Amino acid sequence: MSFYEVRPAEKRDAQAIVDVHAAATLAAYAGIVPEELLNAQPVAKRLQQWREAIEFGDPQVYVARFEGQVVGFVAFDRSRDKGTKPTVGEVWAIHVLPEHWGKGAGLALWDAAREGLDDEGCTSVTVWIPLRNERALRFFDLAGFKRELNTARTTPFGDIRIEEMRLKRAVD
């Protein structure tokens, strides 16, 4: 049983999503990415991006709430990778406040995304994870994702480059 309420995000959740994103990213990428790069994008721009995503459903965004507060979110939709079939979905982002790590919020969000992707007719789902983000790799391994070793790539992130890999699993 989850203690987290998961529901589609509403426009009024955008600031909380920005706050969760910032806190989770700082904690998850400490020692991997310099802190000044993690906060390089202006808050107003991030806020506008999440408001638009929520308003237009591109991607779909769900939030996890605990005691009335947003403590996590997931963004998902069709895969953005070139050449993928329309039945392939993607978890674009999933973030939870660090104080809720390991307590079921991420799993509740993943379950909501999986159900949403299934409703959209997706039969498989992917996610891109930086190789040095061991917590995220472990989470998705436990959620049944398999690493696609031939997909490793290096992605620019400000002045540095991040190595990441795609993971994949069936939606059902």
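Each residue takes its place number in the sequence, starting with 1. Bear in mind that the values here come from a model prediction, so they are computed numbers and not experimental data.
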Nearest non-hydrogen partners of Ile160 and Pro34, listed with the distance: CD1-CD, 3.7 Å
Contacts of Phe145 that satisfy ring pair (Phe, Tyr, Trp, His ring centres under 6.0 Å) - sequence neighbours left out: Trp110, Phe140
With Ala152 via side chain to side chain contact (heavy atoms under 4.5 Å, CB included) - residues at least two apart: none
Listed once per pair and sorted, the side-chain hydrogen bond (donor to acceptor under 3.5 Å, both in side chains) pairs that draw on residues 137-150, sequence neighbours left out: Asp141-Arg147, Glu148-Arg166
Distance, nearest 0.5 Å, that separates CZ of Arg132 from CD1 of Ile32: 5.5 Å
Cluster overlap Ile162 with Trp128, hydrophobic side-chain contacts below 4.5 Å: no
Heavy-atom pair of closest approach, residues Asp81 and Glu90: N-OE1, 4.4 Å
Over 12 foreign heavy atoms within 6.0 Å of CG, Asp159: no
Chi angles and distances behind the side-chain contact (heavy atoms from CB on, under 4.5 Å) call for Leu109, Val6: CA-CA 7 Å; Leu109 288 163; Val6 176; 4.2 Å; yes
Close side-chain approach of Val91 and Val125, heavy atoms under 4.5 Å: yes
Any residue meeting ring pair (Phe, Tyr, Trp, His ring centres under 6.0 Å) with Tyr29, in chain and number order, not counting sequence neighbours: none
Joint hydrophobic cluster, Trp92 plus Val171, side-chain heavy atoms closer than 4.5 Å: no
Closest approach of Leu167 to Met165 (non-hydrogen atoms, all atoms of both residues): CD1-O, 3.5 Å
Separation between CD of Glu120 and CD of Glu115, rounded to the nearest 0.5 Å: 13.0 Å
SB check Asp13 Arg7 (cutoff 4.0 Å): yes
Cluster overlap Leu137 with Ile94, hydrophobic side-chain contacts below 4.5 Å: yes
Exercise: identify the closest heavy-atom pair between Arg78 and Cys122: NH1-SG, 3.2 Å
Residue pair Val96 / Trp101: nearest heavy atoms and the distance that separates them: O-NE1, 2.7 Å
Contacts of type ring pair (Phe, Tyr, Trp, His ring centres under 6.0 Å), residue Phe73, not counting sequence neighbours: His21, Trp50, His95
Shared hydrophobic cluster for Leu131 and Leu37 (ILVMFWY, side-chain gaps under 4.5 Å): no
Distance-minimising heavy-atom pair for Ile129 and Asn133: CG2-O, 4.1 Å
Leu97 and Val20: CA distance, side-chain angles, deciding distance, side-chain contact (heavy atoms from CB on, under 4.5 Å) verdict: CA-CA 6 Å; Leu97 290 174; Val20 167; 3.9 Å; yes
CA sep, side-chain torsions, deciding dist, call: Lys103, Phe3, side-chain contact (heavy atoms from CB on, under 4.5 Å): CA-CA 9 Å; Lys103 297 181 180 178; Phe3 297 103; over 6 Å; no
Can you give the donor-acceptor pairs under 3.5 Å from side chains of residues 55-67 to other protein atoms, not counting sequence neighbours?
| residue | atom | partner | partner atom | Å |
| --- | --- | --- | --- | --- |
| Arg65 | NE | Glu5 | OE1 | 3.1 |
| Arg65 | NH1 | Gly68 | O | 3.2 |

Leu117 side, atom CG; Thr123 side, atom OG1 - distance, nearest 0.5 Å: 10.5 Å
Beyond-backbone contact of Ile17 with Ile54, side-chain heavy atoms, under 4.5 angstrom: yes
Single-linkage hydrophobic cluster, 4.5 Å side-chain cutoff, Leu107 and Val127 together: yes
